[in-house]
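Every chain is numbered from 1 and lettered A, B, ... according to where its sequence line falls, protein lines coming before strand lines.
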Amino acid sequence: MSRYTAAEIEHKWQQAWAKADTFKAVRDPSKPKYYVLEMFPYPSGKLHMGHVRNYTMGDVIARHKISTGHNVLHPMGFDAFGMPAENAAMAIGGHPKEWTYSNIDTMVDQMKPLGLSLDWSRMFATCDPEYYGQQQALFLDFLENDLVYRKNAIVNWDPVDMTVLANEQVEGGRGWRSGALVERRELTQWFFKISDHSEELLDALDTLENWPAKVRLMQENWIGRSRGLQFSFERTDAGEPITVYTTRPDTLMGASFVGISPDHPISKEMEADNPELATFLAECRKGGTTEEAIETAEKLGYDTGIRVKHPLNPDWELPVWIANFILMDYGTGAIFACPAHDQRDLDFCRKYDLPVIDTFFALDDAKPVENTAFVPLKSEKVKWVNHFAGLEEATGEEAINATIDLAESQGWGEGVTKFRLRDWGLSRQRYWGCPIPVVHCDACGVVPEKKENLPIELPDDVTFDKPGNPLDRHPTWRDCACPSCGAPAKRETDTMDTFVDSSWYFARFTAPRATTPTVAEDAAYWMNVDQYIGGIEHAILHLLYSRFFARAMHICGHLPESAKEPFDALFTQGMVTHAIFKNAERTDENGRAIYHYPAEIEDRDGGTFVKETGEKVTVIPSAKMSKSKNNVVDPVDIITSYGADTARWFVLSDSPPERDVEWTASGAEAAFKHLSRVHRIASDVATAEDGPHGSDEALLREMHKAIRDVTLGVESFGFNASIAKLYGFTNTLAKSKAGSAAKREATKTLAQLMAPMTPHLSEEIWQLLDGDGLIINAVWPAADEAMLVEANVTLPIQINGKRRAEISVPADLANEEIEKLVLAHETVTSRLEGAQPKKLIVVPGRIVNVVI
RNA sequence: GCCCGCGUGGUGGAAUGGUAGACACAGGGGACUUAAAAUCCCUAGGCCGAUGAGGCCGUGCCGGUUCGAAUCCGGCCGCGGGUACCA
């Protein structure tokens, strides 16, 4: 009997696929195409189990599609620009470029043994000048088509390091290296006009039927269409009126103040000659720029002394306050506050002792608001205190519409639709990114670089010993001739947000070496991505930006109209987690928790302990794998000890793909044992002599059921369900007394059904059983409907919703007959005690419920 | 703070309005073996009952809709993702 030697088998079949060029994607109009793509990785330097799971899922889809006659495109690349490379250069020296390319080499080496059906000839990294040069060309086309512009935007400023910080570099309001309190500072930045497409990006979500509903909902909320009233408050001092936007104009009678953002023009204007206000605004500008930091900051207010007139009652004056929770980016940067029906406003009014006026109550409870704002659903009816449009009982929605109508008819305001989505700021004050291809000329201003000068390559001779952008302090790189007048000019030193890189790589894969961003024929043939797979963490930004980019590329002629929504189907997979082992008895010298490697701990006496010291360990299950927690499982180790097929089988089994999967050593061991068993069974079947045997029917029926269920699982991302079915079918096969021909057929089918998950083992078994050619090229088996029909069904009998008995009946038995059988059943008669049931529900093929 | 998810045996999970716990791990028992490994077979939510028959409880918590709820609705608690310069 031959043993299952994964390393040998896997090497052999990877060579066979390579020799046959099995996965090279070539345009072929005679075949239906299928483009499957997993979100490409950041080259961190190490493949982790999350990658393995993600790519294995894509690989299952790709291999299954190959087996069903599709021309499959399944490429791989690297999202290679970004901060970690610069951080590494600062921390350990070296150059981001060398660090990145060496990481890519390592990761490719780690990926190849997985036996993925990738077309490696299409591989690229976004930091290849060949790629980012085309991205610069796209930028210039966007500029020409009015899709990019410059404006001021707020960044995190580290006043000690004199540099811009990313949000993740701000910890508790302080710069991560300097420890200085971070300030919000304005800078001129480049922006993509994504907000011009808000409505279109929102409405088109309805067409994305094969996207998870939750992702569409998240994008819908992110884009945030709202209808509200825009109007102006007249000032008592005859200054410029203050324009506000509100989604709750119906609560205008509950207004207690007008609030403006610290970044509002009025705030800035007053700041110049008011030191007290300047101090207040400086306080407001402390801390990071994230929405979270702003929303959770302690509420601060400053009374400007300005007074405005209430639009419905000119005698009613409202104070104008500057409030730190009002965002300049949303609406007009000014609001009116109705504390009774908005918790933030209420908190602010209680702090600064401003009036709280109820404008409506619940129908059954007219209690005035104290410290909890009354915020019913807009669809809920409420009782109005004194509604100017004459409403007494109405929903918020009705009241809002009535208010907008009234304002429009009286001419003091208008209903407007606004979006939460802001334009996409793409400038980064960093080295390791795609240079923005523009030049600053004293005479001509901002001038686009000429396309023939692309790519504008990053200089290699830079150092990272000082904070800030090395491009700024490079002695010569910035110097150039103005593309317009030829005079000496300076290059833009900002580089692009790495989200730009990942917003079109899927299109580039269709023609990765072209000297234009895309090639029309290739884009037309391969786009769209039929199945996109990636983490839920990209639900909003990456996917929304990519949807915008596809539209922008279409406008510039780089993608066909049909590719405006580039991803036909989306699947979001969960993370791979692993228990963490935290020392329960001590911390390190800095008071931080100590985490132990799995190899350092042991289970005994019903507890978990550190082997060496005997200290008690707290086991925290299902934690995201993270280097600092010492719970990272290295796929390379798994592949070395068990083989790629075991790793692939394990990450697909047990957990549904959209959920996190917990990596356990015992689970991997079990996967390996199972694959060995399949190999053993197949070897036995291959060498078995024909002799006396039982009926083939039971085995063949199970085989057809397996074909149906496994196929369904593979086609609907139910890989765990497919695998559970394959376990069952393997057991049936192992115990079967069928003849050798039937067993050979069943085993070959088993190999085919397993092939998307365990491609190497399946090829091996296929060869053992004299299958034709490679199993990857064999036609996917089809279930015979006739073999799936069951003669009898088991019907559970419930009494008052609780299962009490069951009967087996012919599958096509009429309901009346079933009723008779049920009423005659001993369990039912004894419970009824001669009485008639109140109700009898027969759900054909499923269940019977007797209500007593 | 706000938006979106998730919560089921000792463990990963199955069942998306119809038999809760498929399949697997760990556990227990047995076969084979001089022994071990490997393999194979059986067992398995909790409680009551006698180990049987049988009964009761049970899908984070509280309430509701339904003949019937893990599944739908409302409210809470906990965990995770996102929050526009992490990728």
Side-chain angles (χ1 to χ4, degrees), chain A residues 39 41-42 44 79 81-84 153 155-156 164-170 189 194 212-215 217-222 224 288-297 325 329 343-344 420-430 497-499 501-502 535-542 544-545 572 574-575 577 579 603 621-622 624 653-656 658-671 673-674 676-677 680 720-721 723-728 731 734 794-798 800-806 837-841 843 845-852:
Chain A
M39 291 179 185
Y42 179 80
S44 58
D79 188 13
F81 276 136
M83 292 200 310
V155 295
N156 300 305
V164 176
L165 297 179
N167 285 333
E168 75 158 8
Q169 295 173 318
V170 179
Q189 313 252 292
I194 188 171
K214 64 178 168 187
V215 174
L217 186 59
M218 279 188 254
Q219 292 213 355
E220 185 181 324
N221 291 334
W222 184 262
T289 57
T290 63
E291 189 184 289
E292 187 196 2
I294 292 164
E295 292 259 353
T296 57
F325 62 90
D329 287 319
Q343 191 63 45
R344 285 183 307 183
R420 204 186 77 102
L421 180 64
R422 313 197 295 254
D423 278 333
W424 169 11
L426 68 118
S427 302
R428 296 292 180 270
Q429 294 69 45
R430 271 180 256 291
D497 178 8
T498 55
F499 274 122
D501 312 336
S502 56
I536 187 66
E537 66 272 23
H538 296 294
I540 297 175
L541 293 180
H542 162 62
L544 189 61
Y545 289 157
T572 53
M575 297 177 296
T577 63
D603 286 319
S622 300
K624 185 173 172 173
S653 63
D654 280 13
S655 270
E658 66 275 18
R659 265 208 253 174
D660 296 348
V661 65
E662 169 101 7
W663 181 273
T664 59
S666 56
E669 172 79 29
K673 279 186 187 172
H674 178 72
S676 306
R677 183 175 181 225
R680 195 166 55 243
N720 56 324
I723 286 184
K725 189 70 202 174
L726 286 165
Y727 271 109
N731 283 332
T794 302
L795 287 185
I797 300 174
Q798 292 185 331
N800 289 342
K802 278 194 186 295
R803 184 184 163 280
R804 297 294 175 190
E806 60 181 37
K838 282 189 197 151
K839 211 169 179 180
L840 186 58
I841 293 144
V843 185
R846 304 303 304 239
I847 205 163
V848 180
N849 192 7
V850 186
V851 185
I852 294 175

Whole-Å distance, Arg677(A) CZ to U39(B) P, equals 10 Å
Rounded to whole Å, NZ of Lys838(A) lies from P of G68(B) at a distance of 11 Å
**Request:** Classify the angle between the aromatic ring planes of Tyr727(A) and His674(A) as parallel (below 30°), tilted (30 to 60°) or perpendicular (above 60°).
**Result:** tilted
Atom CG of Leu426(A) and atom P of A87(B) are separated, to the nearest Å, by 14 Å
When rounded to whole Å, the NZ to C1' distance for the pair Lys725(A) and G13(B) reads 17 Å
Side-chain contact check for Pro796(A): nearest option of U19(B), C86(B), G1(B) is U19(B)
OP1, OP2 of C4(B) versus side-chain N and O of Asn221(A): anything below 4.0 Å?
yes
At less than 4.0 Å, is any side-chain N or O atom of Lys214(A) found next to OP1 or OP2 of C4(B)? Yes or no.
no
Glu806(A) CD to A20(B) P, in whole Å, measures 11 Å
In whole angstroms, the gap separating P of C67(B) from CG of Leu840(A) amounts to 14 Å
Tell me whether the side-chain N/O atoms of Asn720(A) come closer than 4.0 Å to OP1 or OP2 in A14(B). yes
- request: Indicate yes or no: at least one non-hydrogen side-chain atom of His538(A) is less than 4.5 angstrom from one of Met39(A).
  value: yes
* Would Glu220(A) and Lys214(A) pass as an ion pair if we require N to O under 4.0 Å? -> no
When rounded to whole Å, the CD1 to P distance for the pair Ile847(A) and C67(B) reads 15 Å
Sorted by position of nearest nucleotide on RNA chain B, 5' first, the leading residue of Arg803(A) and Arg344(A) is Arg344(A)
Nearest-nucleotide check on RNA chain B, Leu217(A) vs Tyr545(A); residue mapping nearer the 5' end is Leu217(A)
Taken to the nearest 0.5 Å, the spacing of Met218(A) CE from Ile540(A) CD1 works out to 6.0 Å
Does the side chain of Asn156(A) get closer than 4.0 angstrom to OP1 or OP2 of A84(B) through an N or O atom?
-> no
Here the distance between atom C1' of C67(B) and atom CZ of Arg804(A), to the nearest Å, is 15 Å
Between Asn849(A) and Arg803(A), a side-chain donor and acceptor under 3.5 Å: no
| field | Donor/acceptor link under 3.5 angstrom from Glu291(A) side chain onto base of G1(B) | value | yes
- [ ] Could you tell me whether Trp424(A) contacts a base, only the sugar-phosphate backbone, or nothing, with contacts defined as non-hydrogen atoms closer than 4.0 Å?
- [x] nothing
Does A87(B) have OP1 or OP2 under 4.0 Å away from a side-chain N or O of Thr498(A)? yes
Any base atoms under 4.0 Å from Val850(A), or only sugar-phosphate, or nothing? Heavy atoms, all strands.
nothing
If pairing means Watson-Crick or G-U wobble with both distances under 3.5 Å, then the partner of C72(B) is G64(B)
